[in-house]
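Worksheet for the structure shown next.
Basis for what follows: all heavy atoms, side chains included, without hydrogens, waters or symmetry-related copies. Chain A is the first sequence line, chain B the second, and so forth, proteins listed ahead of strands; every chain is numbered from 1.
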Amino acid sequence: MENRRAVVSVLGKDQVGIIAKVTTVLSEKEINVLDINQTIVEDFFTMMMIVDVTQIEDLDSVRQTLNEIGEELGVKINLQLEEVFQAMHRI
Amino acid sequence: MNIGLDEITETVRMVQMENLDIRTVTIGIDLKDCADADFSAMQTRVYDKIVSYAKNLKPYAEQVEKEYGVPIINKRIAVTPISELLGNATREQAIELAKTLDKAAADIGVDFIGGYSALVHKGVTKGDQVLLDSLAEALTVTDRVCASISVATTRTGINMDVVKQMGTIIKEASENTRDQDGIACAKLVVFSNPVEDNPFMAGAFHGTGEGDAVLNVGVSGPGVVLNALKKHPEADLGEVSQVIKKTVFKITRAGELVGRAVADQLDVPFGILDLSLAPTNALNDSVAEILEEIGVERVGTHGTIAALALMNDAVKKGGAMASSYVGGLSGAFIPVSEDNGMIQGVNDGSLTLPKLEAMTCVCSVGLDMIALSGEASAETLSGIIADEAAIGMINKKTTAVRVIPVPDKEEGTMVEFGGLLGRAPVMGVNPFSSEGFVKRGGRIPAPLQSLIN
């Protein structure tokens, strides 16, 4: 199976422990983080991660767990397959 | 290839905040091989074929929308124009077949099934006439069945005998659903130059040039275009066109990706992308607001048609670059009831029926989802249809009429259709009669296609 990569984006108010909690979820699901990028845009904590989901059959359960963590922290966590970004922004 | 942080935020913002969505995935299914002299056998075969192709449409589409994070709003079915199956059937049998379609759609869990249709722009077969005779009742006794009738093309002219009948049929459908403000008419489109691969209801059907089954996609994103334009308040109109093109390119690319993923899952070929800006009643998801952002104070005022022409052309250019399989209607939809900006334009008196007619000369579709005063006569409705068909015929483009005469309601009243169909202020019609013109019948000859002025 070819590589399947997804983008995890986290947007919301900055606070302690966001990265720790998100990466804990990913490691529990045995998802490897390939790239991570974090910045503050207009007072918003913005984190983007590229993760390897080649072995993950049930993407939806990962999404749900991330959503639960997001609600706990009061941030918006989004998980999308990478192809969408490639398709939209590359000719 | 690496993806930039700003590109990721842009995509996430488009989906989360600006209503970027895939408006519809529509599976088109050929039913001609279901024809059978035994009517009940035919019903069974029609039901079985639809269900066998489309039973997984909804779950697969939902799976794809989750994985890619782009919502797919509607999952729908389009079938072979049903008049082609009717042959010697009776009116009652035709209505039974409509119920079969309705049941198939309900069992699969889709909200609309299109194709209770007839192409009668040149002549009317026995099957076509049975369908026309059954139309008003079929739309009344079903919830999900959508119908379209082609009454004109550039190559054949306008079949005024059918145009005359359509006025009566719309009136009857409206009366039949009097207690729901004539909602049956919202499921009926009268076309000039219809396309055979249109994924949008109510005009969708699976045309003769198509394969056994195909998945067509309608993409949309007025909100995304509006937000992109808001960032360039000082841009001149050339730059405005450029901004729209770039934005539509991105929307279209997302649409093709998602559409192909759904088609793969269903194991049917991918058909076309219909690049349209189709509004919804959601906040900031309005075509009218884009026109107002371009610079007209309220949609309908002077300059609206020029702004619409610019936008429509830019949408096509951006989309055509993004995908090689563009089809359908492609352009801008200007339904009144589904667009908050249009509703406001009518309420403020800037947008009138004549202006809407003029707007249809430069954009896709035509008079769409317009509530008319219940006093509008069948002949007046036929007159409206004939005018709109003539615009399509002469300009070699698709036009359509989907108007809803609302029983007992007068000009200015707000009518709620509910759900996807939205709400619309009732518009008045010209008080003078079209009867003399309509009752002549016959066929308006096809226009000369040279000496164009």
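- Heavy atoms closer than 4.5 Å to chain A are found nowhere in Thr252(B), neither backbone nor side chain.
- Contact annotation: the side chain of Val262(B) approaches that of Ile72(B) to within less than 4.5 Å [non-hydrogen atoms, C-beta and beyond].
- At a 4.5 Å heavy-atom cutoff, the contact between Leu257(B) and chain A is made by side-chain atoms alone.
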For Glu65(B) and Lys75(B), run salt bridge (charged side-chain N to carboxylate O under 4.0 Å, His left out): C-alpha distance rounded to whole Å, both residues' side-chain angles, the deciding distance at 0.1 Å, then the answer.
-> CA-CA 12 Å; Glu65(B) 71 183 315; Lys75(B) 295 94 185 169; 3.3 Å; yes
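- Between Arg23(B) and Asp21(B) the shortest side-chain heavy-atom distance falls below 4.5 Å.
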Kindly indicate, with the supporting measurements, whether the criterion ring-ring contact (aromatic ring centres under 6.0 Å, His included) is fulfilled by Phe333(B) and Phe200(B).
-> CA-CA 10 Å; Phe333(B) 282 70; Phe200(B) 287 102; 4.8 Å; yes
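- There is no contact between Glu256(B) and chain A, counting heavy-atom distances below 4.5 Å.
- No side-chain donor-acceptor contact under 3.5 Å links Thr26(B) and Asn216(B).
- If you measure heavy-atom distances from Leu11(A) to chain B, the contacts under 4.5 Å come from the side chain alone.
- Both the backbone and the side chain of Val84(A) come within contact range of chain B, judged by heavy atoms closer than 4.5 Å.
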